[in-house]
Amino acid sequence: MSTDTLDAPVVETVKMNGLQAINAALMEAMEADPKVLVLGEDIADNEGGGVVGVTRGLSTKFGTMRVRSTPISEQAIIGAAIGAAMGGYKPVAEIMLMNFTTVAMDMIVNHAAKLRFMSGGQSQVPMVIRTLTGAGNQTAGQHADFYEAWFCHTAGIKVVIPWTPADFKGLYLSAIQDPDPVIIVESGKTLFVPMDVPVNQGPIPLGKANVVAPGSDITIVSYGQMMFTVMQAYEELTKAGVSVEVIDLRTISPWDKETVLASAEKTGRLLVVHEAGRNFGPGAEIAATAQEALFGKLKAPVGRLGAPYCSVPFAKKLEDAFLVQPPEIIAEAQRLVAMG
Amino acid sequence: MSTDTLDAPVVETVKMNGLQAINAALMEAMEADPKVLVLGEDIADNEGGGVVGVTRGLSTKFGTMRVRSTPISEQAIIGAAIGAAMGGYKPVAEIMLMNFTTVAMDMIVNHAAKLRFMSGGQSQVPMVIRTLTGAGNQTAGQHADFYEAWFCHTAGIKVVIPWTPADFKGLYLSAIQDPDPVIIVESGKTLFVPMDVPVNQGPIPLGKANVVAPGSDITIVSYGQMMFTVMQAYEELTKAGVSVEVIDLRTISPWDKETVLASAEKTGRLLVVHEAGRNFGPGAEIAATAQEALFGKLKAPVGRLGAPYCSVPFAKKLEDAFLVQPPEIIAEAQRLVAMG
Amino acid sequence: MSETSENRALENRAVPDAKTQLDIYRRMIRIERNDDATRSQIRRGRITAPYYSARGQECIPSAISVLLNNDDKICTIYRGIHDMVAKDMPLRPLWAEICGRVDGTCKGKGGPMHLTHPETGVMVTTGIVGSSMPIANGFGWAALLDGTKQVTVAYFGDGASNIGAFHEALNLASVWKLPVIFVCQNNGFAEHTRYENGTAVDQISKRAIGYGMPGYTVDGNDPVDVYAHAHAAIERARAGEGPTLLECKTFRFMGHVFGDNDAYMTKEEKAAAMADDPLPKFRQKLIDDGVTTAEELDALTGRIEAEVNDAIEFAMACEYPSDDELRRDVFAEEIPAKEYMA
Amino acid sequence: MSETSENRALENRAVPDAKTQLDIYRRMIRIERNDDATRSQIRRGRITAPYYSARGQECIPSAISVLLNNDDKICTIYRGIHDMVAKDMPLRPLWAEICGRVDGTCKGKGGPMHLTHPETGVMVTTGIVGSSMPIANGFGWAALLDGTKQVTVAYFGDGASNIGAFHEALNLASVWKLPVIFVCQNNGFAEHTRYENGTAVDQISKRAIGYGMPGYTVDGNDPVDVYAHAHAAIERARAGEGPTLLECKTFRFMGHVFGDNDAYMTKEEKAAAMADDPLPKFRQKLIDDGVTTAEELDALTGRIEAEVNDAIEFAMACEYPSDDELRRDVFAEEIPAKEYMA
Ligand SMILES: Cc1ncc(C[n+]2csc(CCOP(=O)(O)OP(=O)(O)O)c2C)c(N)n1
Ligand SMILES: Cc1ncc(C[n+]2csc(CCOP(=O)(O)OP(=O)(O)O)c2C)c(N)n1
Ligand SMILES: [Mg+2]
Ligand SMILES: [Mg+2]
């Protein structure tokens with residue numbers, strides 16, 4: 001991953017990558033609202049403005065009291081964000097990689113997510129946790145896991161995994177102003193691939209999926225960097241005459257049941273694809289919900305594709321085998337379509 | 001919870017509660033195999049032999065080098081267990097309550113579960129993590145959560161939640177000798193309700209479900225203390241003329257697909273009941289698997305009952321509303337049976 | 001008492017005046033009467049929650065709280081009702097909460113382990129060992145940003161000083177010079193484990209050296225000693241100079257949790273500790289020093305007992321929360337009834 | 001160098017004899033040549049993994065490893081290949097692993113961040129900051145139970161001393177008197193954050209006071225100083241007296257990760273650090289002291305270069321792992337192909 005993509009020209013109209021979009025969202029949010037704070041390891045400009053540059057420029061513009069680099073102390077990072085949030089601020093806390101949320105789970109799960117409920121509504125914890133993850137760079141077993149299923153299973157925290165730069169901008173603007181804790185996962189490549197962003201991209205509501213492509217034979221639901229893979233499969237399937245409706249979930253919890261179920265009811269077939277492990281993964285909830293809501297209405301069982309039951313491997317060859325690839329999606333979609 | 005149940009008489013033939021059964025299993029395992037170790041907060045006899053007495057007598061018998069009380073340092077507890085396991089021992093580490101696994105998630109998920117894979121099979125981590133949880137005692141939001149879904153989603157660690165004292169004995173004996181990490185959840189009441197235990201109860205294999213009652217109209221799958229609730233519902237349903245096949249899952253990961261799917265195929269209906277949250281919970285995986293394996297063969301959608309999407313509440317009245325109760329199970333079973 | 005090797009003895013020892021001493025005593029006796037009533041209600045089966053009595057530890061938060069303003073904040077733990085009562089949290093919503101009623105401070109959803117009362121600065125009560133400290137830092141950061149002189153006190157036990165969160169929080173507070181006072185109520189035990197079997201240093205205050213902050217070991221049963229050190233720590237925090245670690249040595253008379261049989265301690269050590277009960281000692285001192293009279297103190301106790309009894313009666317008359325509460329306060333927006341299960 | 005206030009200066013400073021000094025140098029040059037080759041292979045696109053060079057830190061594990069037996073253990077981190085090379089891990093399986101081949105020590109499944117080689121005591125390599133320490137304790141406990149005199153060295157960085165796991169591990173090791181040596185390789189930076197912006201104490205060794213264990217700050221670029229302190233720590237551990245914290249001050253010449261542009265440091269400080277490069281300094285000292293000659297050292301370097309080149313050639317000729325490896329080593333029992341996805 002290059003650290004210099006932030007410096008790529010951001011022209012008034014269009015192209016921007018995810019990293020630039022998040023940076024723009026943070027700039028805008030901090031400008032508009034003095035209560036917005038940013039903290040995390042290496043995030044201030046003295047420390048390079050973040051390991052991949054997402055927060056670059058913020059501390060220079062807003063000062064190191066609002067944009068604070070921290071020690072390597074994830075419990076302390078989330079704890080400080082919780083206290084500041086309860087004290088009236090809107091902190092955006094970075095946990096450098098999603099695997100490192102494991103050292104801060106108490107703060108996230110037992111505190112951030114629960115304090116409003118346990119206090120009978122007296123405590124408000126409007127904070128965002130930003131974290132990066134994703135396989136594909138041979139970072140191996142401890143640097144590429146997707147744990148969104150854990151957080152979806154935890155009441156009181158919202159889970160967002162954007163795909164496009166426009167969504168990054170819009171979902172960040174919403175998450176920062178949301179009255180409750182939100183974890184946003186920056187999923188590998190999504191930070192680095194430029195796409196068109198409306199010049200004045202405003203907030204995009206949390207909890208709403210995006211129908212990326214309409215279709216009639218099968219619905220494929222995905223999110224994050226796996227959307228790139230799904231779109232490759234979509235091209236091939238379209239060429240092969242299969243009409244696919246592609247849905248980018250965007251928010252994984254609470255997820256947009258209405259949009260997904262309406263689409264699955266229309267096409268009669270549903271396939272969920274994610275990078276997280278298939279076993280007890282997010283797709284299980286979607287499949288379980290759909291089989292109940294659409295009992296007797298589906299022409300095939302709900303399909304699920306996700307990582308196999310193992311750690312993320314190092315060797316490129318194994319990493320490729322570990323990740324869901326377009327041919328698997330194509331084969332599974334065709335199998336489901338052929339079923340009835 | 002009384003701390004004195006261990007002192008209840010253990011007669012040669014029969015009645016024993018879960019606590020006594022675990023204690024017997026640990027005694028037997030330590031006696032037979034000098035490599036078995038026990039560690040955790042307050043677990044040695046100087047410190048009362050565990051907060052509810054599960055480990056009572058062990059340190060007196062086997063010494064405090066093999067049975068060690070620890071500081072309140074869950075990362076250090078699991079770390080020490082991992083290293084000792086890799087060093088040829090079979091440690092049984094206690095995390096007092098399941099909510100406190102949140103401070104040790106890195107050690108459990110990034111290390112215990114992954115070291116065998118990441119080392120290409122060179123590292124072996126034969127350890128057991130014991131932890132207690134469950135609502136019903138007004139311990140509120142941070143002392144009663146079920147997180148088994150997280151660990152089921154984590155490759156490389158097995159998840160066991162026994163119901164009966166006999167199962168505690170047999171599953172503990174297997175888990176201690178298993179070459180891989182196993183987390184065993186001691187689920188509330190299951191520690192305190194006496195039941196019959198075969199005198200020489202030996203190991204019960206991990207990964208095998210137990211068909212507790214045969215039936216033909218619907219299959220109900222559950223585990224842990226929720227089995228008590230399911231059995232109450234079972235009695236009522238039987239009286240009402242519904243023939244229920246009850247399955248105690250015992251091991252949640254890897255779960256016994258064969259037994260569950262065969263039963264669901266036979267009865268044509270499946271209902272999963274657990275204390276963990278319904279949303280993105282363990283039941284989702286079972287439902288998702290069943291709808292795929294048995295597509296077109298089920299007479300009703302797979303039903304799921306679990307905790308609502310909120311923290312465990314304090315007030316007794318709310319706690320009762322939070323927990324799945326027999327009437328809900330009965331109503332859901334009858335709804336599914338009525339569907340077709 | 002003693003100071004750590006890195007920290008000079010306190011130079012300007014602030015001394016509580018007569019009025020302040022009386023106020024400390026008022027808070028102590030309010031804690032003690034409230035605790036006594038709680039245990040008696042539990043014995044009578046009118047409260048069913050686990051209860052972690054702080055009987056014996058009254059002096060610590062009392063001598064600290066007289067130095068705090070209403071808008072100064074505390075983050076405390078399961079054994080923390082004394083910290084709240086010392087902070088002058090009203091007793092009616094407190095009791096309604098521990099009785100699980102809708103008029104409780106948390107609508108009955110949090111219970112004794114998660115009591116919260118922002119109006120008196122009781123921000124967080126947590127059941128996870130060590131977790132009060134990282135969150136306290138956030139209030140400290142907010143105070144710096146707000147430009148107020150507010151301080152936050154993080155209370156925790158001796159056993160909690162061995163968990164990772166303690167370390168991360170104290171280091172961050174020192175690097176950021178946060179206005180936080182870390183108060184360790186060292187009662188010699190963590191559940192059933194003796195201090196020395198879990199903690200590798202003879203004084204927890206020495207750990208302050210590792211965070212470049214002042215640390216003091218204080219006689220937690222002596223209001224004058226606690227006051228002097230808390231005064232210095234709070235002044236330091238308000239002056240923007242950063243955090244302090246105060247280790248206050250004390251004892252919990254009622255064991256870890258209600259029903260504890262104290263099997264892990266000797267009769268002698270318990271008797272010795274109880275002979276050092278801070279309450280009768282301080283009462284006698286106030287009388288001996290002529291600060292007040294026995295009659296005045298008895299009258300004070302009477303008023304407090306009336307307050308406690310009123311709170312109990314109030315609580316017992318309150319309604320239980322409606323089951324709809326499970327859908328409320330998960331998020332700011334109520335979860336609709338139809339989505340209840342998912 | 002300096003000792004913490006609580007720790008007296010080392011009394012009996014062990015001095016490495018000529019043969020030992022040469023052995024330390026051998027390990028250092030083996031690390032340096034291996035590191036150089038790794039970076040060159042990355043530049044040529046033959047390795048694609050992230051790489052955390054330890055160039056500049058060669059002296060620390062070298063002066064320690066001459067004191068370790070083959071069955072003594074180390075737990076190290078992502079920046080840890082120097083620790084393994086110093087422990088005399090063979091280079092062929094090491095290179096096969098970092099090239100992702102099936103003949104790698106981990107069959108290509110772990111890569112450089114999880115290299116493991118139990119035969120030479122390389123037990124755990126971890127990518128999670130702070131996690132080498134709690135696991136090292138377990139090996140220490142096992143050694144006590146086994147009744148051997150084995151010790152375990154836990155390596156970690158300065159930044160890692162601010163995370164909870166450090167605190168819990170050092171306290172437990174001290175309470176249990178474990179034969180573990182905690183070696184902090186303080187290179188002045190944690191990723192891009194300067195020591196003093198993350199760490200609230202001027203010397204990490206002072207934190208040892210809080211765990212009742214000896215702590216020393218050592219010149220990590222001086223083999224004689226590292227040797228003396230490691231000797232004392234290892235003797236203490238083997239004698240059953242418990243753990244020691246060694247802070248070894250050094251610098252990493254190549255930034256945090258391959259490709260780092262050092263934007264967060266000044267040219268001057270980097271130049272000053274590089275002027276203290278332990279390798280040429282020690283080479284000169286060995287020659288000046290008459291321990292060896294330039295010719296002998298050149299010959300040694302030549303032999304090591306040949307070993308490194310052989311390892312690279314070996315690795316590049318190895319096969320890639322089969323996709324079936326995803327089903328192996330998850331558990332002891334292979335997962336059957338049909339269950340692959342679940
Ligand atoms: C992370 C975590 N581990 C374990 C526990 C269980 N537990 C509750 S209180 C306690 C003892 C705490 O001792 P100390 O910090 O000295 O406080 P005290 O109870 O003596 O006031 C323990 C181990 C917990 N609540 N949280
Ligand atoms: C728990 C955790 N948080 C953050 C990171 C990201 N990270 C990797 S290396 C590093 C810096 C570590 O610095 P230090 O301990 O000084 O070791 P050095 O890299 O200087 O050798 C960070 C923050 C991580 N790997 N693990
Ligand atoms: Mg204590
Ligand atoms: Mg460093």
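Here is how names work: the chains are called A, B, and so on, in the same order as the sequence lines, proteins then strands, and each is numbered from 1.
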Distance check, rounded to the nearest 0.5 Å: [X] atom [atom1] versus [Y] atom [atom2]?
X      : Y      : atom1 : atom2 : answer
A/I78  : C/I135 : CD1   : CD1   : 11.0 Å
A/I77  : C/E168 : CD1   : CD    : 8.0 Å
A/M118 : C/K109 : CE    : NZ    : 12.0 Å
A/H111 : C/C75  : NE2   : SG    : 9.5 Å

Which heavy atom of [X] sits nearest a heavy atom of [Y], and at what distance?
X      : Y      : result
C/R328 : A/F117 : O-CD1, 3.5 Å
A/D180 : C/A332 : OD2-N, 2.7 Å
C/A169 : A/A76  : N-CB, 4.4 Å
A/M107 : C/P134 : CE-CG, 3.7 Å

Sort [X] into side chain, backbone, both or neither according to what part of it lies under 4.5 angstrom from a heavy atom of chain C.
X      : answer
A/I157 : backbone
A/Q124 : neither
A/K35  : side chain
A/S69  : backbone

I'd like to know if the side chain of A/Q122 and the backbone of C/T105 have a donor-acceptor N/O pair within less than 3.5 Å.
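The answer is yes, because a donor-acceptor pair under 3.5 Å joins these two groups.
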For chain A, which residues of residues 138-163 of chain C have heavy atoms nearer than 4.5 angstrom:
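Contacts with chain A: C/G138, C/F139, C/W141, C/A142, C/L144, C/L145, C/D146.
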Neighbour count >12 (heavy atoms, 6.0 Å) for atom [atom1], [X]:
X      : atom1 : result
C/F258 : CZ    : yes
C/E241 : CD    : yes
A/E258 : CD    : no

Would you indicate whether the side-chain heavy atoms of [Y] and [X] approach each other to under 4.5 Å?
X      : Y      : answer
A/L115 : C/H114 : no
A/S73  : C/L172 : no
C/F331 : A/D178 : no

Less than 4.5 Å to any heavy atom of chain A: does that hold for the side chain of [X], its backbone, both, or neither?
X      : value
C/E97  : neither
C/V124 : side chain
C/E119 : side chain

Based on non-hydrogen pairs under 4.5 Å, which of C/L178, C/T126, C/N137, C/N171 is most in contact with chain A?
C/T126
When you look at C/S131 and A/N110, which way does the side chain to side chain contact (heavy atoms under 4.5 Å, CB included) test go after all the steps?
CA-CA 9 Å; C/S131 58; A/N110 285 323; over 6 Å; no
If you count heavy-atom pairs under 4.5 Å with chain C, which of A/G87, A/S119, A/P179, A/G121 comes out on top?
A/S119
